[in-house]
Amino acid sequence: MSSTHMQIGEVAARTELSLRTIRHYEEAGLVAPSARSQGGFRLYTEADVARLMVIRRMKPLGFTLDQMRELLDATDRLDAGDGLGGEARAELLQRVRTYQQAAAEQVDRLRVQLARAEEFEHTLRSRLDSGRPSPGEAA
């Protein structure tokens, strides 16, 4: 096995994704192993790991598998750059920009949720620290 290839277990450890999740993304057409060993084991490259990290970052922002596929297709085509005319390149960049804006909006929503959760946790901690019984708690 080449030192540039990793088996799925190493990829799972590096990406913090389960083997099952990586296989699911493969079945969904989001990522494919770059090679197979003589024994049939999936082999991945750094580029495959980077692709999985994009997917991992999109998932908690609520992007669907179809949206992930569309963004990955756009970035793959931009990275390849072969035969892209100015109009096609501009269209792909706009597609990526749309996803960037959607991600930024979701990050803002998550910040609001996190602030509310932190306020709630602080309220509960203050109640515990004060020693006062909470509503419904027997004194």
Side-chain angles (χ1 to χ4, degrees):
M1 176 173 55
S2 166
S3 63
T4 61
H5 286 98
M6 297 163 267
Q7 289 189 0
I8 194 170
E10 183 180 347
V11 173
R14 289 191 48 199
T15 61
E16 298 178 348
L17 295 169
S18 69
L19 301 177
R20 184 177 179 180
T21 297
I22 294 169
R23 289 184 189 114
H24 171 70
Y25 291 151
E26 180 183 350
E27 291 169 10
L30 295 174
V31 68
S34 290
R36 293 268 181 174
S37 70
Q38 288 183 345
F41 293 105
R42 293 167 173 86
L43 299 176
Y44 297 88
T45 63
E46 289 296 333
D48 299 325
V49 170
R51 188 176 186 88
L52 284 164
M53 293 303 292
V54 168
I55 296 165
R56 191 186 95 177
R57 290 175 182 125
M58 290 182 79
K59 185 67 176 161
L61 296 177
F63 289 103
T64 66
L65 293 177
D66 286 338
Q67 290 171 319
M68 292 176 193
R69 194 175 299 108
E70 181 182 33
L71 176 63
L72 290 166
D73 176 64
T75 57
D76 287 347
R77 290 176 59 200
L78 284 167
D79 290 346
D82 301 333
L84 276 182
E87 190 174 315
R89 182 173 173 71
E91 180 185 319
L92 291 170
L93 288 171
Q94 181 55 43
R95 192 178 310 171
V96 173
R97 190 172 294 110
T98 299
Y99 280 101
Q100 181 275 322
Q101 291 167 345
E105 291 170 8
Q106 184 60 9
V107 167
D108 288 343
R109 284 191 288 274
L110 288 170
R111 282 190 177 117
V112 169
Q113 287 181 330
L114 178 59
R116 290 176 181 159
E118 287 172 335
E119 289 171 6
F120 176 64
E121 186 276 333
H122 178 75
T123 299
L124 294 175
R125 186 172 358 109
S126 294
R127 177 171 290 281
L128 290 171
D129 290 346
S130 73
R132 291 189 311 239
S134 61
E137 185 180 1

Starting at [atom1] of [X], measure out to [atom2] of [Y] and round the result to the nearest 0.5 Å.
X	Y	atom1	atom2	result
Glu10	Leu43	CD	CG	10.5 Å
Gln100	Leu93	CD	CG	12.0 Å
Ser34	Met6	OG	CE	8.5 Å
Thr98	Gln101	OG1	CD	6.0 Å
Asp129	Leu124	CG	CG	11.0 Å
Leu84	Leu78	CG	CG	6.5 Å

Please report the closest heavy-atom contact between [X] and [Y], naming both atoms and the distance.
X	Y	result
Arg56	Pro60	O-CD, 2.9 Å
Ala12	Ser18	CB-C, 4.5 Å
Leu30	Arg51	O-NE, 2.5 Å
Ala35	His5	CB-NE2, 3.8 Å

Is [Y] close to [X] at the side-chain level, that is, under 4.5 Å between some pair of heavy atoms?
X	Y	value
Asp73	Arg95	yes
Thr15	Ile55	no
Gln7	Arg42	no

Please test Gln94 against Arg97 for side chain to side chain donor-acceptor pair (under 3.5 Å), starting from the C-alpha separation and ending with a verdict. CA-CA 5 Å; Gln94 181 55 43; Arg97 190 172 294 110; 3.0 Å; yes
Exam field: side chain Arg69 to backbone Ala28, donor-acceptor pair closer than 3.5 Å: yes
With sequence neighbours left out, the residues meeting side chain to side chain contact (heavy atoms under 4.5 Å, CB included) with Leu61 are Phe63, Ala103, Gln106, Val107, Leu110
Quick check on Glu121: does its CD atom have over 12 non-hydrogen neighbours (other residues, nucleotides or ligands) under 6.0 Å away? yes
Mind running side chain to side chain contact (heavy atoms under 4.5 Å, CB included) on Met68 and Val31 for me, showing each step along the way? CA-CA 11 Å; Met68 292 176 193; Val31 68; over 6 Å; no
Verdict with supporting geometry, Asp48 and Thr45, side chain to side chain donor-acceptor pair (under 3.5 Å): CA-CA 5 Å; Asp48 299 325; Thr45 63; 3.2 Å; yes
Applying side chain to side chain donor-acceptor pair (under 3.5 Å) to Tyr99 and Glu70, what does each step give before you reach the verdict? CA-CA 10 Å; Tyr99 280 101; Glu70 181 182 33; 2.4 Å; yes
Listed partners of Tyr25 passing ring-ring contact (aromatic ring centres under 6.0 Å, His included), at least two apart: none
Determine, using the 4.5 Å side-chain heavy-atom cutoff (strictly less than), whether Leu92 and Val96 are members of one ILVMFWY cluster. yes
Start with the C-alpha gap between Glu46 and Arg14, add the side-chain angles, then the distance that decides, and say whether salt bridge (Lys or Arg N to Asp or Glu O under 4.0 Å) holds. CA-CA 10 Å; Glu46 289 296 333; Arg14 289 191 48 199; 2.8 Å; yes
